[in-house]
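Position 1 is the first residue of the sequence; numbering continues from there. Note that the coordinates shown come from a computational prediction; the quantities given were computed from them, not determined experimentally.
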Amino acid sequence: MSSGGGFDLSCGILSTDGRIYQVEYASKAVDDQETVLGIRCSDGIVLASEIRLPTKHVVEGTHHRLFLVDDHIIMGCAGLLFDGKALVARAREECSNHRAQSEVEPGIRAIADKVAMEVHSHTLHGVYRPYGSVVFIAGVYKGKPELYCINPSGANLGYFANAAGDGRQLAKTELERLNLADIDVDTAVVEMKRIMDLLKEDATIPEEFYSREMMVVRRVEDAVDIERVDIEGIEVPETE
């Protein structure tokens, strides 16, 4: 039975108070899933994510929420993972098409806008459902770190830092305490580990079903370096 007075039967219907219920339901799907967060630094980007394993028999390293998109771009997917992976595939396709046509690396904002248009298109027609995912698109382009976040409505905004998922409030509170205007990658990696430790303490699932991952994009002179960081090997100084 519809809970939105019939206005939630299709994303092509606006309610009498101007709401699109299907988009709100998609956002709720994101709020119930693992937390993904990102920080834009002076010299790069840091993304991190919780991972809840469906079974302890899953092979380590085969379940990801952070992905490589291009030589200078990475993505993080909060919410429904299969929806997020579809958007990663779309971003990779856009990067490939851009390189084939212009033989230069694509701009991060341009790729984010393309993905945002795809997400928004699924809020306009009754034959589609909205993507139940919030995606982070980040990297270094022409020496400048950039971090964008696209929500299920298709809104695409640039951020100094952001978080999505069920631990977003705790993560955002901690992110707001950082000096985001001047933070560098090395400092952000440690702060991200500290925040991820707080999220782990707040988790309600057994430890054998819980994992974490981190990716870093770093500006190195005239090049860009991307790596997966062993989050468990990061030491966080004790606070007094």
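- A parallel orientation is assigned to the rings of Y128 and H122, their planes being inclined by less than 30° (bins at 30° and 60°).
- The residue from K200, R194, K193 that alone fulfils the salt bridge (charged side-chain N to carboxylate O under 4.0 Å, His left out) condition with D197 is K193.
- Between D31 and R168 a salt bridge is recorded (basic side-chain N to carboxylate O distance below 4.0 Å).
- Side-chain atoms of H72 and Y141, non-hydrogen and from C-beta on, do get closer than 4.5 Å to each other.
- With respect to R212 and E232, a salt bridge is recorded, a charged nitrogen being found less than 4.0 Å from a carboxylate O.
- Between D184 and R219 no salt bridge is recorded (no basic side-chain N to carboxylate O distance below 4.0 Å).
- In this structure the side chain of E213 reaches within 4.5 angstrom of the side chain of I51, judged on heavy atoms.
- With values rounded to the nearest 0.5 angstrom, L47 atom CG is found 7.5 Å from F136 atom CZ.
- A heavy-atom distance below 4.5 Å is found between the side chains of K172 and N162.
- You'll find the side chain of E118 reaches within 4.5 Å of the side chain of S121, heavy atoms only.
- Between the side chains of E146 and Y148, a donor-acceptor pair is found at a separation under 3.5 Å.
- The neighbour count for E235 CD, taken as heavy atoms of other residues, nucleotides or ligands under 6.0 Å away, does not exceed 12.
- Checked for salt-bridge contact, K144 and D43 miss the test: no charged N lies under 4.0 Å from a carboxylate O.
- Residue S49 holds its OG atom at 9.0 Å from CZ of F67, rounded to the nearest 0.5 Å.
- Side-chain contact between I39 and M192: present, with at least one pair of heavy atoms (C-beta onward) separated by less than 4.5 Å.
- For the pair I150 and N156, the minimum side-chain heavy-atom distance is below 4.5 Å.
- Counting heavy-atom neighbours within 6.0 Å of F160 CZ, excluding the residue itself, gives a total of 12 or less.
- Checking side-chain atoms of S133 against main-chain N and O of C77 turns up no donor-acceptor pair under 3.5 Å.
- Two residues are said to be in side-chain contact when any heavy atoms from C-beta on lie closer than 4.5 Å; I183 and S42 fail this criterion.
- Within the 3.5 Å criterion, the main-chain N or O of G158 finds no donor-acceptor partner in the side chain of R40.
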